[in-house]
Participant: 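So that we are looking at the same thing, I have put the structure below in structure tokens.
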Amino acid sequence: MFKKSDIIEKGYIDEIIEPGTDLVYEIEKMRKEKNAIILAHYYQTADIQDIADYVGDSLDLSRTAADAKADIILFAGVNFMAETAKILSPGSKVLLPDLNASCSLSETCPPEDFKKFVSANAERTVITYINSSAEIKALSDIICTSTNAYKIVESLPKEEKIIFAPDRNLGNFISNKVSRDMIIWQGACHVHEEFSIEGIIELKRREQDAGIIVHPECEQPVRMVADFIGSTGDLLRYIKKDGGKKYIVGTETGIIHQMKKARPEKIFIPAPVKNKSLKCSECNFMKLITMEKIYLTLKYEEPELKMDKDLMKKAEKPIRRMLEISDRLGI
Ligand code: 13P
Ligand code: SF4
């Protein structure tokens, strides 16, 4: 039986589920009874994507959370996504099936260090990637996602000096495209830095007709050989429109489920990784969420994401600014 101490100790509810329980049926039933919605990121496993009310990239998910009319938002994703949902939809109970679902970008940007960095560069506008904690967002002027980062930077007056945080790869990708005074926080995503340029080149030699599509969180050598670079949502839109038949995909493998659903006739090959003992690059944080945890979380309405109200208010301002700019620019 579920004990509150489980969550405190483990971050999730640990209970043996009755053998033979039809998780899909039970989740569906509770979702209706409790007026709950399930939001899932593209990096979730296929079974979770298939039961979600909405599957999307970080920008889509924050917009959906902002418009949600549900009593409960169950977030199948990572901590910063659930925090953003809570900030934009404070009246809803936000549930995260495993509170340990962090993100290496949030972890490589500790608030105390970032605060010093921002104070030392007080004349600069702080543009922060949504993959960051609420504390970091509260120290920022505008939030961005990988879908809108370039346009948000470009929407600022040319002379405005910028701090870009926390992803050094997305920061470099943008700073190479624009002529701006940008200083970049040196955070990184361990999943996207795991792709091997040598492995990708070797694979491309064997699969000459394959296009290379990668996320901007990848390192520069990987981005340099890519035919297309974009957020998860952009990559999905690209393969739907593009005439190619085969792709080497340089992002977390969860997205391949949606790619195959959209274009079943095409072939999607996960980009090779540096660590030879790994088959592909998976986000261990995203994969902490399971169907079993979703079932138990909906059943007990725990673990609930609780946030400090002042912090929520401070973090909301730069997120709203991102949504306003994106709406104005038609992103
Ligand atoms: P997007 O879904 O915005 O492309 O973000 C990718 C990511 O790493 C989310 O954690
Ligand atoms: Fe964070 Fe990288 Fe996982 Fe995305 S894939 S949640 S950026 S660790």
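All figures in this text were calculated on a predicted structure; none of them were measured in a lab. Atoms within a ligand are numbered from 1 in the order they appear, just like the ligands themselves.
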Participant: State whether Cys189 contributes an N/O/S atom found under 2.8 Å from atom 3 (Fe) of ligand 2.
Facilitator: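 So Cys189 does not bind atom 3 (Fe) of ligand 2 by this criterion.
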Participant: Could you tell me whether some N/O pair between Asn131 and ligand 1 is separated by less than 3.5 angstrom?
Facilitator: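 Looking only at distances, the answer is yes, because the N/O contact criterion of under 3.5 Å is met.
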Participant: Counting heavy atoms only, which part of Glu252 comes closer than 4.0 Å to ligand 2: side chain, backbone, both or neither?
Facilitator: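 It is neither part, as no heavy atom is under 4.0 Å.
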Participant: Has His41 got any heavy atom lying under 4.0 angstrom from an atom of ligand 1?
Facilitator: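 Right, His41 reaches ligand 1.
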Participant: In the structure I gave you, are the side-chain heavy atoms of Met81 and Ile130 within less than 4.5 Å of one another anywhere?
Facilitator: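 Not touching, per the 4.5 Å side-chain cut-off.
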Participant: Flag the pair Cys144 / Phe164 as yes when at least one side-chain heavy-atom distance between them is below 4.5 Å, and no otherwise.
Facilitator: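 In short, these two side chains touch, coming nearer than 4.5 Å.
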Participant: Please tell me whether Leu105 and Trp185 are part of a single hydrophobic cluster in this structure, the criterion being side-chain heavy atoms less than 4.5 Å apart.
Facilitator: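 No, separate clusters.
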Participant: Any idea which part of Glu217 is under 4.0 Å from ligand 1, heavy-atom wise: side chain, backbone, both or neither?
Facilitator: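 The side chain, only.
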Participant: Answer yes or no: does atom NZ of Lys261 have more than 12 heavy-atom neighbours from other residues, nucleotides or ligands under 6.0 Å?
Facilitator: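 Yes, NZ of Lys261 has more than 12 neighbouring heavy atoms, counting only those of other groups under 6.0 Å.
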Participant: Return yes when at least one N/O/S atom of Cys103 is nearer than 2.8 Å to atom 1 (Fe) of ligand 2, and no when none is.
Facilitator: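 Of the N, O and S atoms in Cys103, at least one lies under 2.8 Å from atom 1 (Fe) of ligand 2, which means yes.
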Participant: Which of the numbered atoms in ligand 2 are under 4.0 angstrom from any heavy atom belonging to Leu105?
Facilitator: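 This gives 7 (S) as the contact atoms.
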Participant: How far is atom 3 (Fe) of ligand 2 from its nearest protein heavy atom, and which residue and atom name does that atom have?
Facilitator: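 Going by distance alone, atom 3 (Fe) of ligand 2 is nearest to Cys283 SG, 2.4 Å.
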Participant: Report yes if some N/O of Ser231 lies less than 3.5 Å from some N/O of ligand 1; otherwise report no.
Facilitator: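 No: no nitrogen or oxygen of Ser231 is under 3.5 Å from one in ligand 1.
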Participant: Between His190 and Phe285, does the ring centre distance come in under 6.0 Å?
Facilitator: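 Close enough - the centres of the two rings lie under 6.0 Å apart.
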Participant: Check contact between Tyr43 and ligand 1, using heavy atoms of the residue and a distance below 4.0 angstrom.
Facilitator: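 Yes, Tyr43 has heavy atoms under 4.0 Å from ligand 1.
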Participant: Please confirm whether His215 comes within less than 3.5 Å of ligand 1 when only nitrogen or oxygen atoms on both sides are compared.
Facilitator: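 Yes; at least one N/O pair falls below 3.5 Å.
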